[in-house]
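Input: a single structure, listed below in structure tokens.
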Amino acid sequence: MQALILAGGQGTRLRPLTLTVAKPVVPILDRPHLVYMAEWLRQFGVEEIILACGHMSAGIKSIAGDGTSLGVRLRYVEEPEARGTGGAIKEAEALLEDRFLVLNGDILCDLDLAPQIEHHERTGASATIGVIEVEDPSAFGVVVADDEGAVEAFVEKPKRKDAPSKLVNAGVYVLEKSVLDGIPAEQNVSIEREVFPALVGKGLHALEIHGRWIDIGTPDRYLEAHWDLLEGRMKGGPDPSDAEDGVTLGFDCKVDGEVEGPAWLDDEVEVAAGAKLGPRVSIGAGTTVAKGAEVSDSVLLAGVKVANGAKINGAIIARGATIGKGAVVGPDAVIGEGATVAPGTVLEPGARIAPELEEDQ
Ligand code: GTP
């Protein structure tokens with residue numbers, strides 16, 4: 001089966017992380033997000049993934065290539081300008097088979113898609129939307145369907161008290177190619193707001209699917225996705241048998257300080273004596289944490305330098321950033337690639353620090 005991943009968004013909410021790394025390959029426990037997507041989709045017989053991208057496709061290609069390392073065939077469709085979620089699928093028309101999956105590119109999940117695919121085939125639907133139950137649907141598109149699954153209406157971001165149900169669009173669709181006949185070429189079209197509403201009463205179905213699901217598109221949910229994997233709430237995380245007291249170490253780590261699990265350290269991480277990591281940290285390869293520094297509830301990507309006595313809590317630190325001596329970072333801070341937080345700086349909660357890249361990057 002083919003799957004098309006919508007991967008052409010701007011990722012504005014995850015900036016500045018997504019200013020230098022495209023969301024589909026943003027690292028989660030130091031592996032590109034796409035690795036998790038491919039592993040998940042392969043379980044449902046997906047052998048080919050089409051990435052519908054625009055923004056920063058070169059960066060995605062340099063990491064994911066032809067998909068060999070992901071165990072799938074990977075092909076790319078690049079939009080000359082953002083076409084929206086429906087227009088992007090139309091742009092890929094020449095590559096698509098008669099029936100295929102469409103996924104939002106910013107979800108991390110272990111949803112079971114088999115019932116959705118089966119429902120789609122059994123009902124002869126033109127499109128079947130996977131819906132999931134959420135506690136608070138007010139940030140999502142609520143889907144209203146009858147007992148057979150035929151969609152009757154959409155309610156976009158309802159007030160919590162007015163929501164007709166808690167079942168929301170999970171960004172996981174099974175589509176017949178014929179749906180593309182109704183999408184104009186070379187135009188910006190939204191599948192959620194334009195294509196699906198026009199298909200109500202014309203073979204549009206929805207089915208509740210089950211499993212853990214998280215949209216990694218905001219800093220707090222990006223962090224949460226790490227803890228879901230690390231604490232075993234989502235399949236696809238590190239093997240607990242490789243961890244000791246909840247701490248998983250990569251190769252050639254040098255840990256003289258204290259690490260409290262759950263924690264995940266990639267290869268060649270150095271934690272000096274007197275430093276304290278955890279609980280809840282994901283530390284990228286080659287990152288160094290100096291004495292007296294403390295890091296908790298945070299994701300540090302590869303090659304970050306944390307100087308003496310710095311304190312980091314609830315933050316995302318992009319690749320190669322430096323946190324100066326005694327600096328305080330977090331909560332909710334996002335530090336861009338290669339940026340430096342000067343010694344002694346106390347950042348406001350929610351601070352965003354722009355990337356500082358070398359000239360030739
Ligand atoms: P924000 O800017 O933070 O809202 O992020 P986003 O635009 O990446 O995400 P949004 O939730 O708006 O989009 C849902 C999914 O559709 C994401 O996986 C996006 O990458 C993707 N997407 C949104 N617009 C486009 C588009 O014009 N083209 C393509 N190919 N994908 C898109």
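Remember, it's 1-based here, ligands and their atoms both numbered in the order they're listed. Each residue takes its place number in the sequence, starting with 1.
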Taking ring pair (Phe, Tyr, Trp, His ring centres under 6.0 Å) as the definition, give me every residue that meets it alongside Trp227, ordered by chain and number, with sequence neighbours left out.
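Trp227 satisfies ring pair (Phe, Tyr, Trp, His ring centres under 6.0 Å) with no residue once adjacent residues are dropped.
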
In terms of relative ring orientation, are Phe196 and Tyr173 parallel, tilted or perpendicular, with 30° and 60° separating the classes?
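Ring orientation of Phe196 relative to Tyr173: perpendicular.
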
Six-ring centre of Phe100, Lys177 cation under 6.0 angstrom, axis tolerance 45°
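Here Lys177 fails the 6.0 Å and 45° test against Phe100.
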
Please output the side-chain donor-acceptor pairs of residues 244-270 that fall under 3.5 Å, not counting sequence neighbours, one pair per line with the distance.
from: Lys254; atom 1: NZ; to: Asp256; atom 2: OD2; distance (Å): 3.2
from: Asp267; atom 1: OD1; to: Phe251; atom 2: N; distance (Å): 2.7

For Glu39, give me all partners under side-chain hydrogen bond (donor to acceptor under 3.5 Å, both in side chains), at least two apart in sequence or on another chain.
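side-chain hydrogen bond (donor to acceptor under 3.5 Å, both in side chains) check on Glu39 returns Arg31.
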
May I have the N/O to N/O pairs between ligand 1 and the protein that fall below 3.5 Å, each with atom names and distance to one decimal?
from: ligand 1; atom 1: 2 (O); to: Gly11; atom 2: N; distance (Å): 3.4
from: ligand 1; atom 1: 2 (O); to: Thr12; atom 2: N; distance (Å): 2.8
from: ligand 1; atom 1: 2 (O); to: Thr12; atom 2: OG1; distance (Å): 2.4
from: ligand 1; atom 1: 3 (O); to: Thr12; atom 2: N; distance (Å): 3.1
from: ligand 1; atom 1: 3 (O); to: Thr12; atom 2: OG1; distance (Å): 3.2
from: ligand 1; atom 1: 3 (O); to: Arg13; atom 2: N; distance (Å): 2.8
from: ligand 1; atom 1: 3 (O); to: Arg13; atom 2: NE; distance (Å): 2.8
from: ligand 1; atom 1: 4 (O); to: Arg13; atom 2: NE; distance (Å): 3.2
from: ligand 1; atom 1: 5 (O); to: Gly11; atom 2: N; distance (Å): 3.3
from: ligand 1; atom 1: 5 (O); to: Lys23; atom 2: NZ; distance (Å): 3.3
from: ligand 1; atom 1: 7 (O); to: Gln10; atom 2: N; distance (Å): 3.4
from: ligand 1; atom 1: 8 (O); to: Gly11; atom 2: N; distance (Å): 3.3
from: ligand 1; atom 1: 8 (O); to: Lys23; atom 2: NZ; distance (Å): 3.0
from: ligand 1; atom 1: 11 (O); to: Arg13; atom 2: NH2; distance (Å): 3.4
from: ligand 1; atom 1: 18 (O); to: Leu6; atom 2: O; distance (Å): 2.8
from: ligand 1; atom 1: 18 (O); to: Gly105; atom 2: N; distance (Å): 2.8
from: ligand 1; atom 1: 18 (O); to: Asp106; atom 2: N; distance (Å): 3.4
from: ligand 1; atom 1: 20 (O); to: Leu6; atom 2: O; distance (Å): 3.4
from: ligand 1; atom 1: 20 (O); to: Gly8; atom 2: N; distance (Å): 3.3
from: ligand 1; atom 1: 20 (O); to: Gly9; atom 2: N; distance (Å): 2.8
from: ligand 1; atom 1: 27 (O); to: Arg83; atom 2: N; distance (Å): 3.4
from: ligand 1; atom 1: 27 (O); to: Gly84; atom 2: N; distance (Å): 2.7
from: ligand 1; atom 1: 28 (N); to: Glu79; atom 2: OE1; distance (Å): 3.0
from: ligand 1; atom 1: 28 (N); to: Glu79; atom 2: OE2; distance (Å): 3.3
from: ligand 1; atom 1: 30 (N); to: Gly8; atom 2: N; distance (Å): 3.4
from: ligand 1; atom 1: 30 (N); to: Ala52; atom 2: O; distance (Å): 2.9
from: ligand 1; atom 1: 30 (N); to: Glu79; atom 2: OE2; distance (Å): 2.5
from: ligand 1; atom 1: 31 (N); to: Gly8; atom 2: N; distance (Å): 2.9

Measure the shortest side-chain to side-chain distance between Val334 and Arg15 over non-hydrogen atoms and say whether it is less than 4.5 angstrom.
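They are not in contact (no side-chain heavy atoms under 4.5 Å apart), so the answer is no.
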
